[in-house]
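Report on the structure given below.
Quick note: numbers below take in every heavy atom, side chains included, and nothing from hydrogens, waters or symmetry partners. Atoms within each ligand, like the ligands themselves, are counted from 1 in listed order. We count residues from 1, following the sequence as given.
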Amino acid sequence: MIFETHAHYDDEAFDEDRETLLASMQQNMIGCLVNVGASLESTQTSIQLAEQYPYIYAAAGVHPSESAALDEAQFEWLAAQCAHQKVVAVGEIGLDYYWDEPDPAVQKKWFVRQLELAKALKKPVIIHSRDAAKDTYDILAAHHASEAGGVIHCFSYSAELALAYVAMGFYIGVGGVVTFKNGRKMKEVVEAVPIERILLETDSPYLSPEPNRGKRNTSLNLPLIAQKIAELKGLSYDEVVQITTENARRLYQIQC
Ligand code: NI
(Lines give C-alpha, C1' and ligand atoms only; values in the text may rest on other atoms or scores of the structure.)
Protein backbone atom coordinates (compact mmCIF):
# COMPACT_ATOMS: atom_id res chain seq x y z
CA MET A 1 0.00 0.00 0.00
CA ILE A 2 1.18 3.51 -0.83
CA PHE A 3 1.43 6.17 1.89
CA GLU A 4 0.33 9.61 0.66
CA THR A 5 2.27 12.02 2.86
CA HIS A 6 0.86 15.34 1.65
CA ALA A 7 -2.56 16.24 0.23
CA HIS A 8 -5.24 18.92 0.64
CA TYR A 9 -8.63 17.21 0.30
CA ASP A 10 -10.30 20.06 2.16
CA ASP A 11 -9.65 22.19 -0.98
CA GLU A 12 -12.70 23.36 -2.91
CA ALA A 13 -11.35 21.52 -5.96
CA PHE A 14 -12.77 18.39 -4.29
CA ASP A 15 -16.19 19.77 -3.33
CA GLU A 16 -17.91 17.88 -6.16
CA ASP A 17 -16.66 14.37 -5.42
CA ARG A 18 -14.67 14.37 -2.15
CA GLU A 19 -16.52 11.49 -0.51
CA THR A 20 -16.49 9.24 -3.56
CA LEU A 21 -12.84 9.91 -4.17
CA LEU A 22 -11.75 9.33 -0.56
CA ALA A 23 -13.86 6.17 -0.37
CA SER A 24 -11.96 4.80 -3.40
CA MET A 25 -8.44 5.27 -1.99
CA GLN A 26 -7.87 1.95 -0.28
CA GLN A 27 -9.15 -0.15 -3.18
CA ASN A 28 -6.64 1.77 -5.33
CA MET A 29 -3.74 0.83 -3.04
CA ILE A 30 -3.53 4.18 -1.23
CA GLY A 31 -3.39 2.82 2.30
CA CYS A 32 -2.97 5.94 4.33
CA LEU A 33 -2.85 9.70 3.81
CA VAL A 34 -1.97 12.85 5.67
CA ASN A 35 -4.18 15.85 4.95
CA VAL A 36 -2.09 18.94 5.56
CA GLY A 37 -3.34 22.19 7.07
CA ALA A 38 -2.17 25.47 5.57
CA SER A 39 -4.29 27.93 7.57
CA LEU A 40 -6.39 27.89 10.73
CA GLU A 41 -9.46 27.01 8.68
CA SER A 42 -7.81 24.16 6.76
CA THR A 43 -6.25 22.83 9.96
CA GLN A 44 -9.78 22.49 11.30
CA THR A 45 -11.12 20.85 8.13
CA SER A 46 -8.08 18.52 8.00
CA ILE A 47 -8.86 17.33 11.52
CA GLN A 48 -12.52 16.87 10.57
CA LEU A 49 -11.48 14.62 7.65
CA ALA A 50 -9.17 12.66 9.97
CA GLU A 51 -12.05 12.12 12.38
CA GLN A 52 -14.28 10.95 9.54
CA TYR A 53 -11.91 8.43 7.87
CA PRO A 54 -9.77 5.92 9.80
CA TYR A 55 -6.94 6.01 7.22
CA ILE A 56 -6.69 9.82 7.11
CA TYR A 57 -4.39 11.68 9.48
CA ALA A 58 -3.94 15.44 9.79
CA ALA A 59 -1.15 17.99 10.05
CA ALA A 60 -1.86 21.26 11.85
CA GLY A 61 -0.09 24.43 10.79
CA VAL A 62 -0.16 27.79 9.07
CA HIS A 63 1.56 28.26 5.70
CA PRO A 64 3.94 31.25 5.41
CA SER A 65 1.64 32.98 2.91
CA GLU A 66 -1.16 32.86 5.51
CA SER A 67 1.00 33.82 8.48
CA ALA A 68 0.13 37.54 8.57
CA ALA A 69 -3.29 36.55 9.90
CA LEU A 70 -1.85 34.91 13.04
CA ASP A 71 -1.96 36.37 16.52
CA GLU A 72 -1.28 34.97 20.00
CA ALA A 73 -4.84 33.80 20.61
CA GLN A 74 -4.90 31.93 17.31
CA PHE A 75 -1.51 30.43 18.01
CA GLU A 76 -2.89 29.08 21.29
CA TRP A 77 -5.78 27.53 19.38
CA LEU A 78 -3.35 25.97 16.90
CA ALA A 79 -1.22 24.54 19.71
CA ALA A 80 -4.33 22.93 21.21
CA GLN A 81 -5.22 21.32 17.85
CA CYS A 82 -1.75 19.75 17.71
CA ALA A 83 -2.64 17.66 20.76
CA HIS A 84 -5.41 15.88 18.82
CA GLN A 85 -4.62 12.16 18.61
CA LYS A 86 -4.81 12.13 14.79
CA VAL A 87 -2.55 15.16 14.28
CA VAL A 88 0.77 13.56 13.32
CA ALA A 89 2.80 16.66 12.37
CA VAL A 90 3.02 20.45 12.53
CA GLY A 91 2.68 21.85 9.02
CA GLU A 92 2.82 23.08 6.56
CA ILE A 93 5.11 25.79 7.90
CA GLY A 94 8.10 27.62 6.44
CA LEU A 95 9.02 30.51 4.18
CA ASP A 96 7.72 31.59 0.78
CA TYR A 97 9.50 34.51 -0.88
CA TYR A 98 7.90 33.95 -4.28
CA TRP A 99 5.17 36.39 -3.27
CA ASP A 100 5.98 39.86 -1.87
CA GLU A 101 3.75 39.38 1.16
CA PRO A 102 3.78 38.76 4.05
CA ASP A 103 6.99 40.52 4.98
CA PRO A 104 9.85 38.01 5.53
CA ALA A 105 10.14 39.11 9.17
CA VAL A 106 6.50 38.11 9.75
CA GLN A 107 6.99 34.78 7.98
CA LYS A 108 10.12 34.03 10.02
CA LYS A 109 8.45 34.86 13.31
CA TRP A 110 5.59 32.40 12.86
CA PHE A 111 7.81 29.78 11.25
CA VAL A 112 10.03 29.76 14.34
CA ARG A 113 7.06 29.77 16.73
CA GLN A 114 5.50 26.76 15.01
CA LEU A 115 8.85 24.98 14.79
CA GLU A 116 9.40 25.43 18.52
CA LEU A 117 5.85 24.19 19.14
CA ALA A 118 6.62 21.00 17.20
CA LYS A 119 9.77 20.43 19.22
CA ALA A 120 7.91 20.91 22.49
CA LEU A 121 5.24 18.42 21.38
CA LYS A 122 7.80 16.00 19.91
CA LYS A 123 6.04 16.01 16.55
CA PRO A 124 7.74 16.26 13.15
CA VAL A 125 7.41 19.33 10.92
CA ILE A 126 6.25 19.58 7.32
CA ILE A 127 8.28 22.35 5.69
CA HIS A 128 7.14 24.52 2.78
CA SER A 129 10.06 26.49 1.31
CA ARG A 130 9.90 28.43 -1.94
CA ASP A 131 12.60 30.83 -3.18
CA ALA A 132 13.89 30.90 0.39
CA ALA A 133 16.59 28.23 0.46
CA LYS A 134 19.15 29.96 2.66
CA ASP A 135 16.80 31.43 5.28
CA THR A 136 14.90 28.14 5.62
CA TYR A 137 18.05 26.13 6.13
CA ASP A 138 19.56 28.67 8.53
CA ILE A 139 16.43 28.74 10.71
CA LEU A 140 16.12 24.95 10.82
CA ALA A 141 19.79 24.60 11.72
CA ALA A 142 19.80 27.41 14.31
CA HIS A 143 16.70 26.05 16.04
CA HIS A 144 17.93 22.45 16.10
CA ALA A 145 15.05 21.20 13.97
CA SER A 146 16.72 17.79 13.88
CA GLU A 147 15.17 17.28 17.34
CA ALA A 148 11.71 17.41 15.76
CA GLY A 149 12.58 15.80 12.42
CA GLY A 150 10.38 16.26 9.43
CA VAL A 151 10.09 16.53 5.68
CA ILE A 152 11.00 19.21 3.19
CA HIS A 153 7.79 19.02 1.22
CA CYS A 154 7.78 19.47 -2.57
CA PHE A 155 11.56 19.88 -2.49
CA SER A 156 12.65 22.38 -5.16
CA TYR A 157 16.34 23.06 -4.48
CA SER A 158 19.66 21.40 -5.39
CA ALA A 159 20.78 17.83 -4.75
CA GLU A 160 23.55 19.25 -2.56
CA LEU A 161 21.01 21.00 -0.30
CA ALA A 162 18.83 17.87 -0.22
CA LEU A 163 21.78 15.91 1.16
CA ALA A 164 22.40 18.62 3.76
CA TYR A 165 18.80 18.15 4.94
CA VAL A 166 19.23 14.39 5.00
CA ALA A 167 22.30 14.91 7.20
CA MET A 168 20.07 17.00 9.48
CA GLY A 169 17.72 14.02 9.79
CA PHE A 170 15.05 15.25 7.36
CA TYR A 171 13.12 13.42 4.67
CA ILE A 172 12.70 14.77 1.14
CA GLY A 173 9.14 14.95 -0.25
CA VAL A 174 8.96 13.94 -3.91
CA GLY A 175 5.88 14.65 -6.00
CA GLY A 176 4.74 15.20 -9.55
CA VAL A 177 7.60 17.53 -10.53
CA VAL A 178 9.93 14.51 -10.82
CA THR A 179 7.90 13.36 -13.84
CA PHE A 180 8.03 16.72 -15.66
CA LYS A 181 10.11 16.96 -18.81
CA ASN A 182 11.75 20.09 -17.37
CA GLY A 183 12.16 18.44 -13.96
CA ARG A 184 15.87 17.74 -14.37
CA LYS A 185 16.89 19.24 -11.01
CA MET A 186 14.34 17.08 -9.19
CA LYS A 187 15.59 13.96 -10.96
CA GLU A 188 19.12 14.76 -9.74
CA VAL A 189 17.75 15.11 -6.21
CA VAL A 190 16.09 11.69 -6.38
CA GLU A 191 19.27 10.11 -7.74
CA ALA A 192 21.33 11.61 -4.91
CA VAL A 193 19.07 11.04 -1.89
CA PRO A 194 18.96 7.52 -0.36
CA ILE A 195 15.56 5.87 -0.92
CA GLU A 196 15.28 5.49 2.88
CA ARG A 197 14.92 9.30 3.02
CA ILE A 198 12.31 9.83 0.29
CA LEU A 199 8.58 10.29 0.90
CA LEU A 200 5.87 10.05 -1.77
CA GLU A 201 3.47 13.00 -1.94
CA THR A 202 1.13 14.66 -4.41
CA ASP A 203 0.22 18.05 -2.87
CA SER A 204 -3.22 17.40 -4.39
CA PRO A 205 -5.00 19.22 -5.96
CA TYR A 206 -1.76 20.80 -7.26
CA LEU A 207 1.22 19.57 -9.31
CA SER A 208 -0.30 16.65 -11.18
CA PRO A 209 2.38 14.35 -12.66
CA GLU A 210 2.83 13.55 -16.36
CA PRO A 211 0.78 12.58 -18.33
CA ASN A 212 -1.87 14.36 -16.25
CA ARG A 213 0.05 17.62 -15.84
CA GLY A 214 -2.25 20.65 -15.61
CA LYS A 215 -5.26 18.63 -14.47
CA ARG A 216 -6.53 18.33 -10.91
CA ASN A 217 -4.19 16.09 -8.94
CA THR A 218 -5.33 13.25 -6.66
CA SER A 219 -3.48 10.60 -4.67
CA LEU A 220 -4.52 8.10 -7.36
CA ASN A 221 -1.60 9.55 -9.38
CA LEU A 222 0.97 8.37 -6.82
CA PRO A 223 1.89 5.23 -8.82
CA LEU A 224 3.15 7.52 -11.64
CA ILE A 225 5.54 9.18 -9.16
CA ALA A 226 6.65 5.87 -7.60
CA GLN A 227 7.32 4.44 -11.07
CA LYS A 228 9.52 7.40 -12.03
CA ILE A 229 11.49 7.10 -8.77
CA ALA A 230 11.93 3.36 -9.42
CA GLU A 231 13.41 4.14 -12.87
CA LEU A 232 15.78 6.78 -11.49
CA LYS A 233 16.96 4.63 -8.57
CA GLY A 234 17.18 1.31 -10.43
CA LEU A 235 14.69 -0.26 -7.99
CA SER A 236 11.46 -2.14 -8.58
CA TYR A 237 8.14 -0.32 -8.24
CA ASP A 238 7.26 -2.56 -5.27
CA GLU A 239 10.53 -1.74 -3.50
CA VAL A 240 9.88 2.01 -3.87
CA VAL A 241 6.34 1.67 -2.50
CA GLN A 242 7.38 -0.54 0.40
CA ILE A 243 10.39 1.52 1.49
CA THR A 244 8.71 4.93 1.16
CA THR A 245 5.71 3.64 3.14
CA GLU A 246 8.04 2.47 5.92
CA ASN A 247 9.72 5.89 5.81
CA ALA A 248 6.40 7.68 6.29
CA ARG A 249 5.38 5.38 9.15
CA ARG A 250 8.71 6.05 10.86
CA LEU A 251 8.42 9.83 10.46
CA TYR A 252 4.78 10.17 11.50
CA GLN A 253 4.99 7.37 14.07
CA ILE A 254 1.84 5.60 12.93
CA GLN A 255 1.09 2.11 11.70
CA CYS A 256 -1.34 2.09 8.83
NI1 NI B 1 0.82 21.51 0.40
Side-chain angles (χ1 to χ4, degrees), residues 2-15 18 21-22 25 30 32-50 56-67 69-70 78 81-82 86-99 102 107 110-111 114-115 118 123-133 136 140 150-157 165 170-180 183 186 189 198-209 212-222 225 244 248 251-252:
I2 298 176
F3 195 129
E4 160 72 285
T5 64
H6 194 119
H8 302 281
Y9 284 107
D10 52 285
D11 192 282
E12 63 184 9
F14 298 109
D15 283 354
R18 184 175 295 106
L21 186 60
L22 290 175
M25 288 295 161
I30 312 301
C32 197
L33 73 87
V34 177
N35 203 83
V36 179
S39 62
L40 296 171
E41 189 186 5
S42 62
T43 288
Q44 186 148 43
T45 46
S46 292
I47 292 171
Q48 283 165 0
L49 284 172
I56 296 183
Y57 291 79
V62 175
H63 186 286
S65 299
E66 305 283 335
S67 60
L70 272 169
L78 184 68
Q81 304 315 303
C82 290
K86 291 201 81 180
V87 171
V88 294
V90 176
E92 54 188 289
I93 62 173
L95 300 173
D96 193 325
Y97 295 169
Y98 178 81
W99 307 105
Q107 296 191 34
W110 293 110
F111 178 24
Q114 293 180 91
L115 175 59
K123 297 209 176 184
V125 286
I126 298 173
I127 302 296
H128 170 102
S129 178
R130 190 179 187 193
D131 294 351
T136 306
L140 289 172
V151 55
I152 314 297
H153 138 70
C154 195
F155 191 83
S156 59
Y157 302 126
Y165 278 121
F170 273 77
Y171 291 82
I172 304 297
V174 178
V177 176
V178 75
T179 69
F180 293 176
M186 197 57 219
V189 167
I198 290 176
L199 299 182
L200 298 186
E201 63 171 40
T202 59
D203 206 19
S204 294
Y206 311 107
L207 293 170
S208 215
N212 300 325
R213 190 172 180 180
K215 297 183 189 156
R216 183 184 74 165
N217 201 3
T218 79
S219 306
L220 304 182
N221 285 323
L222 281 166
I225 297 163
T244 56
L251 175 65
Y252 293 131

Give the minimum heavy-atom separation between Val90 and Cys82, together with the two atoms involved.
CG2-SG, 4.0 Å

Using 30° and 60° as the class limits, which term best fits the ring planes of Phe14 and Tyr9: parallel, tilted or perpendicular?
tilted

To the nearest 0.5 Å, what is the distance between CG (Leu251) and OG1 (Thr5)?
8.5 Å

Could you grab the protein N, O or S atoms closer than 2.8 Å to the Ni ion (ligand 1) for me?
His6 NE2, His8 NE2, Glu92 OE2, Asp203 OD1

May I ask you to test the [X]-[Y] pair for a side-chain heavy-atom distance under 4.5 Å?
{"X": "Leu21", "Y": "Met25", "result": "yes"}
{"X": "Thr244", "Y": "Val174", "result": "no"}
{"X": "Ile198", "Y": "Phe155", "result": "no"}

